[in-house]
There are 2 protein chains.
Amino acid sequence: MADINVSLTARTGKSEPGASPRLSPAPEGEPMLDLIELLFFAYRNFVSDPDEILHGFGFGRAHHRVLHFVNRHPGMRVTDLLDILRITKQSLGRVLRELVDQGFIDSRAGASDRRQRLLYLTPKGEALTQEFVAIQSRRLRRALEESGGESRDLVRRFLVAMIDPEDRSATEKLIARADQAVEARSATRSRPAG
Amino acid sequence: MADINVSLTARTGKSEPGASPRLSPAPEGEPMLDLIELLFFAYRNFVSDPDEILHGFGFGRAHHRVLHFVNRHPGMRVTDLLDILRITKQSLGRVLRELVDQGFIDSRAGASDRRQRLLYLTPKGEALTQEFVAIQSRRLRRALEESGGESRDLVRRFLVAMIDPEDRSATEKLIARADQAVEARSATRSRPAG
DNA sequence: ACATTTATGTCAGCCATGTTGACTTTTTTC
DNA sequence: GAAAAAAGTCAACATGGCTGACATAAATGT
């Protein structure tokens with residue numbers, strides 16, 4: 001059910017079994033057809049879990065992205081979000097308004113620069129976002145365990161290397177900065193009002 | 001330019017540097033935030049190359065998927081394609097009609113079952129599809145090289161494990177069947193007409 | 001032979017999420 | 001005081017999903 005079971009009745013005729021591998025030597029390297037398709041199927045499943053939950057709120061994938069990055073960068077500006085998502089102000093505006101109106105995101109004017117709208121998750125938004133992170137982390141953890149020993153580092157390096165070279169360092173810095181901020185916040189929490 | 005450079009001027013205040021790692025022990029395993037985000041950025045870049053080319057033809061991502069799977073399974077039925085893509089007949093119908101009208105795909109009635117419409121790429125469609133495969137394979141190959149030795153097998157296992165368990169075997173069979181068909185075809189080509 | 005099922009296609013309309021272009025308001029910066 | 005920056009808004013449009021209803025041709029079952 002809802003499977004990828006294909007019968008392909010038409011071409012079930014001659015199959016020419018005496019085919020030795022690599023007869024045409026592939027002029028520009030072998031085509032990575034399996035990986036291309038696996039990436040498609042894997043990514044589809046990866047995003048489907050949050051999608052289903054969000055559908056219950058009348059939200060979609062775009063809302064997920066906004067929640068995710070605001071969670072990772074509390075107090076970020078609208079411009080920052082636009083740079084990360086690479087969509088137009090108008091597209092972001094729509095989902096952001098919905099998220100603010102329904103109490104998932106809080107938008108406060110900047111203290112030093114009052115033109116800015118700094119974005120924060122409300123407790124409600126935080127709870128929902130944690131749920132997404134948990135689900136997707138579970139899938140990733142399971143996949144890493146099943147694919148063997150020190151796969152995590154290798155998969156990470158692979159994913160970084162899949163990014164356009166000119167974007168890599170910025171992306172890695174972005175992630176590092178978010179991780180730092182999380183550490184700082186949890187340190188503050190463990191020593192309340194230190 | 002079009003970078004992911006975020007300044008985050010607002011939160012550049014207190015950072016509480018004395019934070020030892022893992023203060024909150026993460027009740028359900030550590031959140032894989034870096035991988036979640038890297039997958040997002042990597043996939044976005046991965047699909048952007050074909051997207052740009054297709055834009056020149058007035059086509060989009062949906063057309064890419066159809067071309068890709070028809071290339072991999074020549075003579076497949078419309079139903080097969082629907083099962084793989086998991087979209088509605090109406091959605092597929094739209095892009096399929098455009099691809100047939102503009103001479104990228106050929107749709108022939110089945111010989112044994114004349115209700116069926118069997119899908120084939122035209123030479124024009126084949127050329128375009130090869131281009132996509134080449135571009136995406138290049139990116140994958142580069143990434144695998146950069147992430148070290150026997151990364152290909154591990155990445156493949158990882159991607160398979162990212163798929164919903166109940167879909168995995170069907171997906172792997174689908175890929176295997178397509179690979180077989182390619183071998184059979186190239187064997188036939190090298191020994192033309194037996 | 002006839003009823004049913006299957007494979008495909010089509011019309012109409014809706015929704016989510018992207019786009020361009022134009023314009024405003026507020027605030028900061030030069 | 002002018003220019004630039006941050007944010008928001010209105011209008012219109014494109015793409016690619018969706019549902020529901022219906023039509024046709026061909027295969028299958030009784």
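Numbered from 1 within each chain, the chains take letters A, B, ... in sequence-line order. Just so we're clear, the structure is a prediction, and the values are computed from it rather than from any experiment.
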Legend entry - N or O in side chain of A/Arg94 less than 4.0 angstrom from C/dT17 OP1/OP2: no
Inset, instruction - For B/His63, answer base if it contacts any base atom (sugar-phosphate contacts may also be present), sugar-phosphate if it contacts only those atoms, and nothing otherwise; contact means non-hydrogen atoms under 4.0 Å. - result: sugar-phosphate
Legend entry - d(CD, A/Glu98; P, C/dA16) in whole Å: 8 Å
Legend entry - Donor-acceptor pair (no angle test) under 3.5 Å: B/Gln90 side chain, C/dG13 base: no
Legend entry - Gap between atoms CG and C1', on A/Leu85 and C/dA16 respectively (whole Å): 16 Å
Legend entry - Euclidean distance, atom CG of residue B/Leu82 to atom P of C/dA7 [Å, nearest integer]: 11 Å
Inset, instruction - Could you tell me the separation between the CG atom of B/Leu54 and the P atom of C/dG18, rounded to a whole number of Å? - result: 19 Å
Inset, instruction - List the steps, then state whether salt bridge (Lys or Arg N to Asp or Glu O under 4.0 Å) holds for A/Arg168 with B/Glu146. - result: CA-CA 13 Å; A/Arg168 277 183 215 168; B/Glu146 289 183 23; 2.9 Å; yes
Inset, instruction - Taking only the side-chain nitrogens and oxygens of B/Arg117, find out if one of them lies under 4.0 Å from OP1 or OP2 of C/dA7. - result: no
Legend entry - Presence of donor-acceptor pair under 3.5 Å, side chain of B/Arg115 and base of D/dA27: no
Inset, instruction - Measure from the side chain of B/Val78, starting at C-beta and using heavy atoms only, and say which of C/dG9, C/dT17, D/dG8 lies closest. - result: C/dG9
Inset, instruction - For the pair B/Phe158 and A/Phe158, evaluate ring pair (Phe, Tyr, Trp, His ring centres under 6.0 Å) and give the outcome as yes or no after the intermediate values. - result: CA-CA 11 Å; B/Phe158 167 73; A/Phe158 166 73; 8.1 Å; no
Inset, instruction - Round to the nearest Å and state the distance from A/Asp113 atom CG to C/dT29 atom P. - result: 6 Å
Inset, instruction - When you get a sec, tell me which of C/dT8, D/dA6, D/dA26 is the closest nucleotide to the side chain of B/Arg114? - result: D/dA26
Inset, instruction - Take the protein atom CG of A/Leu96 and the nucleotide atom C1' of C/dA16, then report the distance between them rounded to whole Å. - result: 16 Å
Inset, instruction - Sequence neighbours left out, what passes side-chain hydrogen bond (donor to acceptor under 3.5 Å, both in side chains) with A/Gln136? Give chain and number order. - result: none
Legend entry - Of the listed nucleotides C/dT20, C/dT17, D/dC18, the one nearest the side chain of B/Ser91: D/dC18
Inset, instruction - Scan B/Gly60 against the nucleic acid and name what it touches under 4.0 Å (heavy atoms): base, sugar-phosphate only, or nothing. - result: sugar-phosphate
Inset, instruction - Select one nucleotide: of D/dC22, C/dA7, D/dT19, the one nearest the side-chain heavy atoms of B/Thr88. - result: D/dT19
Legend entry - A/Arg65 side chain near C/dG18 phosphate (N/O to OP1/OP2, under 4.0 Å): yes
Inset, instruction - Calculate the interatomic distance between A/Gln116 atom CD and C/dT29 atom P; express it in whole Å. - result: 10 Å
Legend entry - Salt bridge present between A/Arg77 and A/Asp113 (N-O < 4.0 angstrom): no
Inset, instruction - Consider the side chain of B/Ala62, meaning its heavy atoms from C-beta on, and name the nucleotide among D/dG16, D/dA6, C/dT8 that approaches it most closely. - result: D/dG16
Legend entry - Whether A/Ser137 side chain and B/Met32 backbone form a donor-acceptor pair below 3.5 Å: yes
Inset, instruction - Check the distance between C/dT8's P and B/Arg77's CZ and give it to me in whole angstrom. - result: 6 Å
